[in-house]
Amino acid sequence: MLEEVERWLADRSWSAADRPLDQLLDRKRAAGTTVSVVLPALDEEATVGAIVEVIRRELIEGLPVPLVDELVVVDSGSSDRTAEVAAKAGARVVHRDDVLPRIPALPGKGEVLWRSLLATDGDIVCFVDADLRDFSAAFVSGIVGPLLTDPDVQFVKAMYDRPLGDTPGQGGRVTELVARPLLNLHWPQLAGFVQPLGGEYAVRRCLLERLPFPVGYGVELGLLVDALHTVGLDALAQVDVGVRVHRHQDGQALGRMAAAIYRTAQVRLSRGHLVRPELTQFERGPEGFVARTYPVDTEERPPMAGIKEYALRRVA
């Protein structure tokens, strides 16, 4: 490991318990900083309501100053009751296609996160995946904390244990097989991140609006790499929030995720294009293996600062 990374691990890796909630509220009140929490959601009726309820109960209601000023669920076309459940639990629900309608929406998580910048106002934007179970408010307060207490920090990732079923430490298969090798080989300054692909991170808006967003699964790696090049390693940090329990995807879905992440890395290495942005996988059918080919995400959204609707809103 680079000496720079060893120093970073000592200086920029914390626990959620290092910053008590009352300290964060004092800093937030003094600075007048606002915080938006965004949950990107697609068919998450089983979990989204409980997450919203915890955030409202512990970080909004009953506090002298709410830690969270804005709680938004961005629904990307759910076929279940995700929007209804989220609204009933107390979130403001925004439908992806209603944000920036002049630009047709593309499928993918990164697309939802990109559009959420236009649907929120907070100085700090905190992203939280909507499929988490046994959710703790520390997933929000922990990663927002450094941004409220340290003006030099601009981007904070959550780190946690990821059990796979009853087996501890086996989650994050794409992280270990794809993302971590890529980062160690090509961006060794980022080798200290425990969960580089984790969906829970908080970022200052003034940085997010300057970054391009891969529309699909590559968004977490893309934002992390681009943030490094934009503001430097010392502006990045991570916070231990405990254990993350969520729905795991099957092997083929992980393969598609891995391909998108590799493509995101490849673009950042060369700013070129894949010769064939497709991934073929195999499934056994009644008469043998059947080939199924899927497109690999090749679109990226430009920095939000260059979108006229966003600029006009900021002026207004």
Side-chain angles (χ1 to χ4, degrees), residues 33-57 59-61 66-132 135 137 139-140 143-144 199-209 211-217 219-220 223 299-316:
T33 305
T34 54
V35 176
S36 298
V37 174
V38 173
L39 278 69
L42 177 63
D43 295 332
E44 302 293 359
E45 68 173 344
T47 51
V48 68
I51 297 171
V52 170
E53 288 173 359
V54 169
I55 295 172
R56 286 201 62 84
R57 182 176 65 249
L59 301 179
I60 298 177
E61 299 170 349
L67 185 71
V68 173
D69 301 280
E70 192 174 33
L71 177 53
V72 179
V73 171
V74 184
D75 188 349
S76 57
S78 296
S79 60
D80 64 4
R81 297 173 55 251
T82 291
E84 178 185 344
V85 169
K88 184 176 181 180
R92 175 163 64 89
V93 178
V94 177
H95 293 276
R96 177 199 62 193
D97 295 352
D98 294 336
V99 181
L100 202 58
R102 74 173 176 86
I103 300 178
L106 295 169
K109 178 184 179 183
E111 178 82 357
V112 175
L113 300 185
W114 182 70
R115 289 174 187 264
S116 76
L117 296 185
L118 194 56
T120 57
D121 294 299
D123 303 312
I124 294 169
V125 182
C126 176
F127 297 123
V128 176
D129 281 350
D131 66 342
L132 303 188
F135 180 76
F139 273 76
V140 173
I143 58 178
V144 167
E200 290 68 48
Y201 46 106
V203 193
R204 297 192 191 279
R205 178 178 292 271
C206 59
L207 172 58
L208 274 179
E209 64 188 13
L211 302 178
F213 278 61
V215 300
Y217 286 127
V219 63
E220 270 81 32
L223 289 177
E299 297 291 336
E300 297 198 8
R301 293 305 192 187
M304 186 58 81
I307 299 298
K308 65 180 182 181
E309 288 89 343
Y310 187 82
L312 289 171
R313 191 196 68 170
R314 299 289 280 182
V315 170

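In this text, all values refer to a predicted model and were calculated from it rather than measured experimentally.
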| Ignoring hydrogens and geometry, is there a side-chain-to-backbone donor-acceptor pair from R115 to H95 under 3.5 Å? |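 Pair absent, no side-chain N/O of R115 close to backbone of H95.
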| request: Spell out, as yes or no, whether a donor-acceptor pair under 3.5 Å connects the side chain of D69 to the backbone of V35. | output: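 Side chain of D69 to backbone of V35, a donor-acceptor pair under 3.5 Å: yes, one is there.
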Residues that [X] engages under side chain to side chain contact (heavy atoms under 4.5 Å, CB included), provided they are two or more places apart:
| X | answer |
| --- | --- |
| D121 | E70, R313 |
| F127 | V38, L113, S116, V125, Y201, L208 |
| P302 | W114, I307 |
| S76 | L42, R96, V112 |

Can you list everything that forms a salt bridge (Lys or Arg N to Asp or Glu O under 4.0 Å) with [X]? Sequence neighbours excluded, please.
| X | value |
| --- | --- |
| E299 | none |
| R204 | none |
| R301 | E111 |

| field | Pairs satisfying side-chain hydrogen bond (donor to acceptor under 3.5 Å, both in side chains), at least one member in residues 97-109, at least two apart | value |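 As it turns out, the side-chain hydrogen bond (donor to acceptor under 3.5 Å, both in side chains) pairs with a partner in residues 97-109, which skip direct neighbours, are R102-E309, K109-D129, K109-E220.
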Over all heavy atoms of both residues, which pair between [X] and [Y] is shortest? Give the atoms and the distance, please.
| X | Y | value |
| --- | --- | --- |
| V54 | A137 | CG1-N, 3.8 Å |
| A130 | A41 | CB-CB, 3.9 Å |
| V99 | A119 | CG2-CB, 4.1 Å |
| A87 | V93 | N-CG2, 3.6 Å |
| T120 | R205 | OG1-NH2, 2.8 Å |
| R56 | A89 | CD-O, 3.3 Å |

| task | Can you tell me which residue pairs pass the salt bridge (Lys or Arg N to Asp or Glu O under 4.0 Å) test with a partner in residues 33-42, sequence neighbours excluded? | result |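 The answer is none; no pair qualifies.
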Working to the nearest 0.5 angstrom, can you tell me the gap between [X] [atom1] and [Y] [atom2]?
| X | Y | atom1 | atom2 | result |
| --- | --- | --- | --- | --- |
| T33 | I124 | OG1 | CD1 | 5.5 Å |
| C126 | I55 | SG | CD1 | 7.5 Å |
| E44 | L132 | CD | CG | 9.0 Å |

| request: Using side chain to side chain contact (heavy atoms under 4.5 Å, CB included) as the criterion, point out the one residue from V73, V72, T47 that pairs with L39. | output: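 So the option named by the test is V73.
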| query | What residues form a side chain to side chain donor-acceptor pair (under 3.5 Å) with T34, not counting sequence neighbours? | reply |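 Counting only residues at least two positions away or on another chain, T34 forms a side chain to side chain donor-acceptor pair (under 3.5 Å) with D123.
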| task | Tell me, please, which residues at least two apart from E84 pass side chain to side chain donor-acceptor pair (under 3.5 Å). | result |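 Counting only residues at least two positions away or on another chain, E84 forms a side chain to side chain donor-acceptor pair (under 3.5 Å) with R81.
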| field | Steps toward side-chain contact (heavy atoms from CB on, under 4.5 Å) verdict (F139, V37) | value | CA-CA 11 Å; F139 273 76; V37 174; over 6 Å; no
| query | Is the closest side-chain heavy-atom distance between L117 and F213 below 4.5 Å? | reply |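 In short, these two side chains touch, coming nearer than 4.5 Å.
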